[in-house]
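What follows is a set of notes on a single structure, which appears directly below.
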Amino acid sequence: MKLVYFAWVRERIGRPDEDVDIPGGIATVADLVRWLKTRGVEYEYAFENEQVVRAAIDHVHVKPDHVIAGAREIAFFPPMTGG
Amino acid sequence: MKLVYFAWVRERIGRPDEDVDIPGGIATVADLVRWLKTRGVEYEYAFENEQVVRAAIDHVHVKPDHVIAGAREIAFFPPMTGG
Amino acid sequence: MNATIRIQTEPFDAARETDLMTAGRADVGAVVAFTGLCRDEGGKLSSLELEHYPGMAEAELTRIAARAEERWPLLGLTVIHRFGMISPGEGIVLVLAASAHREAAFEAASFLMDYLKTRAPFWKREHLKDGTVGAWVEAKVQDDAAAERWA
Amino acid sequence: MNATIRIQTEPFDAARETDLMTAGRADVGAVVAFTGLCRDEGGKLSSLELEHYPGMAEAELTRIAARAEERWPLLGLTVIHRFGMISPGEGIVLVLAASAHREAAFEAASFLMDYLKTRAPFWKREHLKDGTVGAWVEAKVQDDAAAERWA
């Protein structure tokens, strides 16, 4: 599955995107975040406040309890500051 | 005193402005309207619905009970439809 | 801040007026430009005639602009209202409001238009394509209601 | 009605976009143009860096525009958002909303901006005149509140 990161989430993780093989038992966005945080301190830092980081699946905003089955691309980013 | 008229008030009265000598006892805008209506059918027609016609004294909107003493120019016109 | 108020027969250029307001400065974060245009009413209108009360129109727009400046932290305010004969598709009125942030610019422009509609001494009459002169446009009750929401 | 949505690095021309929307038609009675500009923050800012999520930015602006079109009787809608490095005084975002009457145009433009601020995937970072790169701009609680008033 492709993961993409933006703004300070991207900077903290240290890469703009990556392809990951997600292990079984990871059903929701929140599950995915918990698993990512086991992968290293850069992920722990990026997701240190899980409530702040937003997610999108295939270009659509989703909540942490959204299921990830069938997703092609999952994005994580800070609250938006455009406009 | 100078009186000026606009839009259909002007058309009904048949002139854009006039100088009038106002008799004693005319204290307010409403008094002035009642006196004007005695001057002819054109004034009766223009002020047939007194609540509709608006007034301004020296370029400032006023209510019917406003005193006219000291006024240089009194205007009568329909509700505004600019913009 | 000095508001720009103009009553004129000529068309206005919203881009030029915006440039005049914002050129050479970097404190403006938001500009709201409202343009009111002459509609052809489904093809039956040949032109709109706008009568105004010279002197009072400028005075009243200046008073309305001053109220907006008291109420919102504006960095620029322009109100241009045309009179005379106006063709379908042409602009009738332009309001520009500039501020550091968008809320003030949106609210000030909206307030200006609501107040202008009910207080600025302008009157519209329709000239139709069949050559007849229509009645004077009647004021709308909803315009009074719109103005009252700022009270 | 097809909304015009563009994400670009180049500056935009509000007058040209308005002309494209209204040229040759006489059913539009009101156009509200909102321009969001880059402020220099009292002289300390050299430029604003705007990062965006390509693909999702277009998709989300298209969804927001569709909601506005469902909610108000619009005759034209344009949203242009820039990304990359933007200098103080330059435009960042342009929203144009056209309708027969002013209420719809004002409300749709204001709604677009409120939703865009909280939902369109763009992030700002300040580059300062002293050569340092500032922190990512933090989202404002009042922007969430502004978006919620349309719910």
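In what follows, chains are A, B, ... by sequence order, proteins preceding strands, each numbered from 1.
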Donor-acceptor pairs, chain C vs chain D, cutoff 3.5 Å:
residue, atom, partner, partner atom, Å
C/Ala26, O, D/Asp40, N, 2.8
C/Gly29, O, D/Leu37, N, 2.8
C/Val31, N, D/Thr35, O, 2.9
C/Val31, O, D/Thr35, N, 2.9
C/Ala33, N, D/Ala33, O, 2.8
C/Ala33, O, D/Ala33, N, 2.8
C/Thr35, N, D/Val31, O, 2.9
C/Thr35, O, D/Val31, N, 2.9
C/Leu37, N, D/Gly29, O, 2.8
C/Arg39, NE, D/Ala100, O, 3.3
C/Asp40, N, D/Ala26, O, 2.8
C/Ala100, O, D/Arg39, NE, 3.3
C/Arg102, NE, D/Asp114, OD1, 3.2
C/Arg102, NH1, D/Asp143, OD1, 3.1
C/Arg102, NH2, D/Asp114, OD1, 2.7
C/Arg102, NH2, D/Asp143, OD1, 3.4
C/Asp114, OD1, D/Arg102, NE, 3.2
C/Asp114, OD1, D/Arg102, NH2, 2.7
C/Asp143, OD1, D/Arg102, NH1, 3.2
C/Asp143, OD1, D/Arg102, NH2, 3.4

If we define contacts as heavy-atom pairs under 4.5 Å, which of D/Pro88, D/Ala15, D/Gly29, D/Ala30 has the most with chain C? D/Gly29

Proximity of C/Phe106 and D/Phe34 rings by center, below 6.0 Å: yes

Check C/Val31 against D/Leu37 and note the closest heavy-atom contact, atom names and distance. CG2-CD1, 3.6 Å

Using non-hydrogen atoms only, which part of C/Ala109 is less than 4.5 Å away from chain D: side chain, backbone, both, or neither? both

Please classify the contact between D/Ala23 and chain C as side chain, backbone, both or neither, with a heavy-atom cut-off of under 4.5 Å. neither

Below 4.5 Å from any heavy atom of chain C, which atoms of D/Ala100 appear? Answer side chain, backbone, both or neither. both

